[in-house]
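These notes concern the structure reproduced below.
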Amino acid sequence: MKENQNHVQTSELREKVLSWYHQNKRDLPWRLGKDPYQIWISEIMLQQTQVTTVIPYYNKFIKRFPTVFSLSTAEVDEVLSLWSGLGYYSRARALHRAACKVVEEHNGVFPRDRMKLMELPGVGPYTAGAILAIAFDMPEAAVDGNVTRALSRIYGVRNDVTKTHAKKKIDSFAQSLMTGSTPGDFCQALMEFGSVVCRPRSPRCSKCAVNKFCDAFAKGDVEQLPHKPLKTAPKIIVGAAILLSRKQKFLAVKRPERGLLGGLWDLPGGEVRKDERPEAGLRRSLFESLGLVLGGSLEETGRIVHLFTHRKLILYLFRGEINSQRVRRRGFAAHRWVSLKTFLDLPHSSLTAKAFHSLNLKEIS
DNA sequence: AACCCGTGGTG
DNA sequence: TCACCAAGGGT
């Protein structure tokens with residue numbers, strides 16, 4: 001037996017973590033009550049996203065959509081607008097579909113059932129467990145990155161935690177801890193403990209209330225856990241986009257729902273091939289996706305470097321003008337000629353916001 | 001199973 | 001600076 005779970009006193013571990021939580025818990029807007037709708041919204045927003053980033057988005061969202069019914073009757077684009085800048089935009093579209101499903105198939109009441117919850121778009125094992133534990137106080141584990149890190153250290157799980165074998169072990173340990181009378185508190189306590197004390201780097205082991213149970217602390221390899229494979233270097237992509245005007249209006253395109261920044265509005269453009277100059281790639285992209293042929297020269301106005309999780313984008317920006325060409329759209333879901341103000345009101349990514357900022361438009365400043 | 005999907009903080 | 005990583009899920 002490699003893991004030292006025999007050394008871990010489950011009840012004492014639980015009490016120490018809960019005690020730490022009660023003394024250190026943060027005041028967060030989704031901790032005001034136990035409305036499963038609000039817990040659900042917060043958990044979707046918190047997927048791969050830090051608490052401090054989520055808070056203002058959560059407050060805006062709940063104010064606009066206070067109930068699952070109000071969300072279900074909304075336009076998807078308005079949901080995306082409220083999500084603009086938060087990232088992982090498929091979450092927003094899944095959220096809207098899930099709201100409709102809760103209303104249509106469950107009369108607007110969130111099911112108290114893991115399998116039923118996981119049938120909602122965007123709700124996986126973690127989120128289902130979090131809703132059950134936090135909103136309904138059911139003894140269901142919710143294993144996120146914080147829990148994985150804390151439990152891999154405490155129980156000495158030294159396998160690759162991205163693999164099924166280690167995940168099952170962590171899940172099992174997490175579920176074995178869901179025994180007391182306050183599953184919701186303990187669920188949040190364990191995550192917050194992982195976030196604040198059992199941190200990825202510079203963990204606060206000397207002040208940790210449960211270090212006497214911790215296998216990694218005893219063996220001195222806390223910062224080596226959890227073990228994960230090295231990430232591959234991001235692929236470099238070159239793109240070109242243009243602020244294209246026609247009679248005081250500007251061309252906005254809606255990206256396809258699938259793929260990167262799906263469903264968001266953007267400047268027209270596309271990928272530049274390796275053997276192309278940016279301007280040539282832009283002209284080709286505009287013809288292929290929109291049927292546009294731009295005469296004359298284009299004004300290159302800048303360049304942006306933008307990092308995604310596994311891609312590095314080098315985006316060349318241009319400005320141009322056309323008179324009365326008709327758009328024959330193929331590569332996008334929609335297009336509109338709009339004022340700059342309207343453009344920035346459409347749901348768009350931080351990359352597009354950065355592009356507008358880079359264009360340094362006195363029209364919008 | 002492996003890859004895709006954003007953004008901002010952090011040391 | 002830049003690699004890591006965050007209250008993961010879909011395909």
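Residue numbers start from 1 in every chain, and the chains themselves are labelled A, B, ... in the order their sequence lines are given, proteins ahead of strands. For clarity, every value in this text was computed on a predicted model and none was experimentally measured.
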Base, sugar-phosphate, or nothing: which does [X] touch, judged by heavy atoms less than 4.0 Å apart?
X: A:Val54; result: nothing
X: A:Arg31; result: base
X: A:Lys228; result: sugar-phosphate
X: A:Trp30; result: base
X: A:Ser195; result: sugar-phosphate
X: A:Ser349; result: sugar-phosphate
X: A:Leu261; result: sugar-phosphate
X: A:Leu28; result: base
X: A:Gly194; result: nothing
X: A:Thr52; result: nothing

Classify the ring geometry between A:Trp20 and A:Phe193 as parallel (under 30°), tilted (30 to 60°) or perpendicular (over 60°). perpendicular
Plane angle bin for A:Tyr155 and A:Phe173 - parallel if under 30°, tilted between 30 and 60°, otherwise perpendicular: parallel
Atom-pair distance ([atom1] on [X]; [atom2] on [N]), nearest Å:
X: A:Tyr57; N: B:dT7; atom1: OH; atom2: P; answer: 9 Å
X: A:Arg201; N: B:dG9; atom1: CZ; atom2: P; answer: 15 Å
X: A:Leu46; N: B:dG9; atom1: CG; atom2: P; answer: 16 Å
X: A:Arg311; N: B:dT7; atom1: CZ; atom2: P; answer: 13 Å
X: A:Lys231; N: B:dA2; atom1: NZ; atom2: P; answer: 16 Å
X: A:Leu351; N: B:dC5; atom1: CG; atom2: P; answer: 13 Å
X: A:Leu313; N: B:dT7; atom1: CG; atom2: P; answer: 11 Å
X: A:Arg93; N: B:dC5; atom1: CZ; atom2: P; answer: 12 Å

Tell me whether the OP1 or OP2 atom of B:dT7 has a side-chain N or O from A:Ser350 closer than 4.0 Å. yes
Would you tell me if any nitrogen or oxygen in the side chain of A:His306 comes within less than 4.0 Å of OP1 or OP2 on B:dG6? no
Hey, quick one: are [X] and [Y] part of the same hydrophobic cluster, counting side-chain heavy atoms closer than 4.5 Å, chains of contacts allowed?
X: A:Leu243; Y: A:Trp265; answer: no
X: A:Leu260; Y: A:Leu80; answer: yes
X: A:Leu317; Y: A:Leu292; answer: no

May I ask you to check whether [X] and [Y] show a side-chain donor-acceptor distance below 3.5 Å?
X: A:Tyr126; Y: A:Gln47; answer: no
X: A:Arg255; Y: A:Thr352; answer: no
X: A:Tyr58; Y: A:Gln38; answer: yes

Pairwise P distance, B:dC5 and C:dA7 [rounded to whole Å]: 23 Å
Atom P, compared across C:dT11 and B:dG6: separation rounded to whole Å: 14 Å
I want to confirm an ordering. Mapping A:Ser90 and A:His165 to their closest nucleotides on DNA chain B, which one lands closer to the 5' end? A:His165
Using the closest heavy atom to pick a nucleotide of DNA chain B for each, name whichever of A:Arg199 or A:Gln50 lands nearer the 5' end. A:Gln50
Minimum heavy-atom distance between A:Cys187 and A:Met178, given as atom pair plus value: CB-CE, 4.5 Å
Judged by nearest nucleotide, the residue sitting upstream toward the 5' end of DNA chain C, A:Pro234 or A:Arg97, is A:Pro234
Nucleotide range of DNA chain C lying under 4.0 Å from chain A heavy atoms: C:dC4 to C:dG10
Tell whether A:Thr49 reaches the base of B:dG6 with its side chain through a donor-acceptor pair below 3.5 angstrom. yes
